[in-house]
**Q** 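Structure provided below as structure tokens; questions to follow.
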Amino acid sequence: MYSQTENTLFAETVQFIRQTFGQSEGTIPLHAPVFRGNEKKYLGECIDSTYVSSVGQFVDRFEEAMALFTGAVKAVVCVNGTNALHLALQLAGVERDEEVITQPLTFVATVNAIAYCAAHPVFVDVDSDTMGLSPTALKSWLEQNASIETAEKAEQNKGKEQGQGKARKPGTYNKNTGRRIAAVVPMHTFGHPCRIDEIAEICRQYHIELIEDAAESLGSYYKGQHTGTFGKIGVLSFNGNKILTTGGGGMLLFRDEALAKKAKHISTQAKVTHPWAFVHDEIGYNYRMPNINAALGLAQLEQIEGFLAAKRQLANAYKQFFAGKPGIKYVEEPKDCRSNFWLNAVLLDGLRQRDAFLEYTNRQGVMTRPAWELMHRLPMFNKAQCGDLSHAEWIADRLVNISSSVL
Ligand SMILES: *Cc1c(COP(=O)(O)O)cnc(C)c1O
């Protein structure tokens, strides 16, 4: 079933992972959370205060600490990363029947959030080294498919596509569909930053809003700047399998204080502040993270430097172990990046080899996972417009994530 070289390679890999994690038997998970700080203390304080839900000091403390850590002007908590993405797109002005460009190699949440806005995803390829949205592919797709419409031109074109004599918003329009391209959402895959400064520059040229899905990249920097702080809004996730967890949770990172204030308002049912009256001035959401989750998050954030150091050490050990091994290639930190190494990854020689490796390792109790099924192949999104996606397809056929917990 496996070739002789595969047998040796796979067995050595399993042995190395078991040895590294000091676990000679039982299942080794892909990414387990660790609680070695003030988690129990803060949770206890939270319960003792009775403020476990939508009011309490841990939310403010967690937001302030996270803004400080990432260098964002303001941070606003959410119930999870998916609804943080939804809120971010809405705050960026994405409306029904507009288009949002993203990458096909991502977790489904990125694209679901676009669908929640009744907008249409457009898939553009990733770079093969960063595995995140490629500025080269983005630029070439826009050059071929989009045209910039100034306020003046929008006035002249008024009613042309929509037929209602309504002035079109100035911005960039897709020449094939006539729809406005409202936002670009790159994702920093497995914690490796994409070439976000070049993407930001393209977005500026085309007047398209930039929303970063930094759900996997807390603690990752591009040219010294924290991911999630390059665009209008950045989104983090604190799900149980992420580098830091609040049980479930998410966060929005802002450069603009007024927009952060608006996010807080909309995420708390758009309730007008008043000592007793219940008045709401627009349609809002119940997207605010409860205080008890923020208590857990604050305790976790206090340990982030240790988590990052441990993950870097593990990454170095993998890099050394896989160096020169035929048939497998460790995915390294891209140029100009400081990665959090959220999920380590290797590339096998092809689909058959990938599946053989997945089968062997999982049967041995060492959890490994392939990349997500590409978004343009899922039934909900398989009619979406796509650029050339050959890098994403190449990666998806070969990539496997391997054990990455903090040691
Ligand atoms: C985890 C993740 C999210 C958000 O997930 P939640 O579970 O809703 O917090 C969004 N995008 C990507 C790429 C993710 O990995």
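Owing to the predicted nature of the structure, the values given are computational and were not obtained by experimental measurement. We count ligands from 1, going down the list as the structure has it; atoms in each ligand are counted the same way.
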**Q** What orientation do Phe10 and Tyr2 show, parallel under 30°, tilted 30 to 60°, or perpendicular over 60°?
**A** perpendicular

**Q** Would you kindly check if the NZ (Lys) or CZ (Arg) of Lys223 is within the cone defined by 45 degrees around the ring axis of Tyr221 and under 6.0 Å from the six-membered ring centre?
**A** no

**Q** Just say parallel, tilted or perpendicular for the rings of Trp276 and His274, cut-offs at 30° and 60°.
**A** perpendicular

**Q** Considering only heavy atoms, which protein residues lie less than 4.0 Å from any atom of ligand 1?
**A** Asn80, Gly81, Thr82, Leu85, Thr106, Phe107, Ala109, Thr110, Met187, Asp213, Ala215, Glu216, Ser237, Asn239, Lys242, Gly249

**Q** Can you label the angle between the Phe123 ring and the His376 ring as parallel, tilted or perpendicular, going by 30° and 60°?
**A** tilted

**Q** Is it true that Arg338 and Glu333 make a salt bridge, defined as a side-chain N closer than 4.0 Å to a carboxylate O?
**A** no

**Q** State whether Arg179 and Glu99 are salt-bridged, where the test is any N-O pair (Lys NZ or Arg NE/NH1/NH2 against Asp/Glu carboxylate O) under 4.0 Å.
**A** yes

